[in-house]
> 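I am attaching a structure below and will ask some questions about it afterwards.
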Amino acid sequence: MDVAFGTSGIRGVVNEAITAELALKIGRAIVKKKGSKILVARDTRESGVMLEKALASGVISSGGSVIRAGIMPTPTTAIATKERANNGVMITASHNPPEYNGFKFFDENGKEISSEEEKEMERKIKSEKFISSNWDEIGEIYKIKDAIERHMEIATGLVDCRPIARKKPKVIVDCGNGTASLIAPYVMRDLGCKIVGVNCEPTGIFSRSLEPNAETLSDFSSLVKAMNGDIGIAYDGDGDRAIILDENGELLGLDQQLSLMCKSILEEKRKATIVSTIEASLAVRETIEKKGGKLLITRVGSRNVAEVIKYKNAVFGGEPCGEYIFPEEVLAADGILASLKFIELFCKKGKLSRLKKEIKSYPIERAKFKCANKYESMEKIKEAIKISFKGEINEEDGIRVDFDDGWLLVRASGTEPAIRLTAEHKNRVKLKAIYDKAAKIIEECIA
Ligand code: MG
């Protein structure tokens with residue numbers, strides 16, 4: 001059985017790569033000793049039911065117990081695992097299309113398991129060396145119902161609620177029919193926000209693409225403006241990612257949004273260390289350094305960000321895609337807490353359109369190229385990039401070339417069959433030249 005971990009656990013098309021048999025084996029592999037408590041939760045995808053049941057069956061057959069949490073966001077799973085289990089499994093494919101599903105694994109601290117632990121699990125699944133229990137030692141399945149309330153309690157404890165209660169902002173929320181539907185509108189209402197919710201039915205029938213971006217949120221953007229919202233918030237399928245829109249319905253933009261969060265954090269925690277990835281914009285670095293903070297860069301993926309936060313004692317970690325980790329809560333990205341922090345920011349400092357203008361930004365281009373054999377193609381692309389561009393080369397995660405005043409990154413997506421291209425330059429004309437040249441190389445190499 002082929003099991004491949006990407007940047008974010010295992011992901012694939014249901015009943016092709018992601019089957020009930022695989023779920024069963026994962027359930028068996030995750031039990032390290034009899035009596036282990038495994039928290040199992042899922043997103044709103046309909047295929048989650050099949051995978052949840054197969055996985056639970058695997059856990060109990062190996063003598064572990066299942067804490068069945070039902071449908072909830074990924075950060076809620078991380079928190080609940082930290083509070084009451086030995087391991088957690090989130091059945092989700094995050095922002096991928098509906099035919100996908102997958103598994104994300106958490107350790108007892110609510111942090112995604114390390115790549116060594118993933119390899120160990122892969123080995124166990126392939127060799128089928130599982131713990132087996134006697135007929136009278138089969139584990140139990142317990143249901144819990146308060147994990148979402150607990151998440152709400154912890155998250156609201158980490159924001160300054162008073163300015164929100166005073167200002168009562170009008171928040172337009174788009175949960176994309178994903179798991180955020182079960183928590184975001186409620187926690188905001190409890191804080192005093194006036195809520196207009198769309199796609200807040202956790203049906204697993206998705207009204208829009210689960211990847212929140214300018215294109216997929218164009219209707220939402222008009223709605224935020226038409227409803228006179230103070231702020232618009234859209235989530236991905238599993239609620240670890242939040243995209244913020246200003247009162248004009250305009251997206252803050254991935255880099256400005258992240259920069260704004262970094263700035264706001266460093267205003268409270270001066271000279272602190274912040275973690276981001278190799279995809280982060282020059283704007284993020286400049287914002288952090290201007291505030292006296294220190295930026296550490298790691299490979300793409302919230303697990304990598306979480307690890308650097310842990311070992312370098314950083315106060316915050318954020319990826320440009322909108323996944324932000326607040327370690328005082330849990331070492332996993334939480335779109336819910338991130339959105340509350342932006343609501344707090346609006347209530348304290350005013351219109352987000354104005355705050356966004358205070359962030360210096362540079363022309364940046366991001367593109368995704370569909371590609372079935374992404375790793376093979378990457379080898380060709382790397383060679384071609386090295387020949388075609390002059391700059392400082394870094395191959396830690398895909399290929400990155402740094403120029404004076406700009407950079408270029410090409411990497412295989414960790415979550416879908418695609419190659420991602422990011423390019424940024426202080427000069428728009430130079431950016432276009434870099435981008436066009438790189439895009440041509442990619443297209444030729446994947447053809
Ligand atoms: Mg996600």
Side-chain angles (χ1 to χ4, degrees), residues 5-12 14 18 41-45 47-48 51 69 71-81 88-106 110-113 148 151 155 173-184 199-200 202 204 206 208-213 216-217 233-244 251 254 257-258 261 276-277 279 299-306 317-326 329-340 342 366 368 413-416 418 420:
F5 281 86
T7 45
S8 202
I10 302 172
R11 233 179 255 182
V14 174
I18 304 296
R42 63 180 181 94
D43 70 15
T44 59
R45 291 163 202 269
S47 58
L51 299 171
I71 297 177
M72 60 190 206
T74 297
T76 317
T77 305
I79 292 168
T81 302
V89 186
M90 178 70 194
I91 301 169
T92 180
S94 182
H95 61 275
N96 286 61
E99 64 272 25
Y100 281 75
N101 214 328
F103 308 91
K104 218 170 171 168
F105 304 96
F106 294 96
K111 187 175 83 59
E112 272 181 71
I113 63 170
I148 286 178
H151 183 181
V173 188
D174 180 346
C175 295
N177 302 104
T179 55
S181 310
L182 296 160
I183 175 167
N199 304 327
C200 288
F206 303 117
R208 65 154 161 89
S209 156
L210 289 172
E211 179 159 20
N213 58 36
T216 60
L217 297 177
I233 300 166
Y235 300 93
D236 73 337
D238 65 329
D240 57 0
R241 203 192 268 207
I243 295 298
I244 310 298
L251 275 76
L254 299 177
Q257 181 181 316
L258 178 55
M261 181 55 75
S276 190
T277 72
E279 285 184 319
R299 294 161 64 99
V300 173
S302 54
R303 185 196 51 211
N304 302 321
V305 175
E319 290 199 76
C321 68
E323 290 188 13
Y324 299 172
I325 301 176
F326 303 91
E329 180 190 47
V330 67
L331 279 168
D334 185 0
I336 311 302
L337 179 54
S339 51
L340 297 183
F342 277 104
R366 289 188 170 88
K368 187 164 81 178
S413 164
T415 56
E416 49 190 311
R420 290 184 191 275

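Remember, it's 1-based here, ligands and their atoms both numbered in the order they're listed.
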> Return the name of the atom in Asp240, of element N, O or S, nearest to the Mg ion (ligand 1).
OD1
> Any salt bridge linking Lys368 with Glu416? Criterion: basic side-chain nitrogen under 4.0 Å from a carboxylate oxygen.
yes
> Between Asp238 and Ser94, is any side-chain donor less than 3.5 angstrom from a side-chain acceptor?
yes
> Within this structure, what is the CG-SG distance for the pair Asn177 and Cys200, rounded to the nearest 0.5 Å?
8.0 Å
> Scan side-chain atoms only and decide if Thr216 and Glu211 contain a donor-acceptor pair under the 3.5 Å cut-off.
no
> Is the Mg ion (ligand 1) less than 2.8 Å from at least one N/O/S atom of Glu323?
no
> Does any N, O or S atom of Thr74, backbone or side chain, fall under 2.8 Å from the Mg ion (ligand 1)?
no
> Could you pull out the atom name of the N/O/S atom in Asp236 that is nearest the Mg ion (ligand 1)?
OD2
> For Asp238, what is the atom name of its N, O or S atom nearest to the Mg ion (ligand 1)?
OD1
> Taking side chain as C-beta onward, heavy atoms only, is Tyr235 less than 4.5 Å from Ser339?
yes
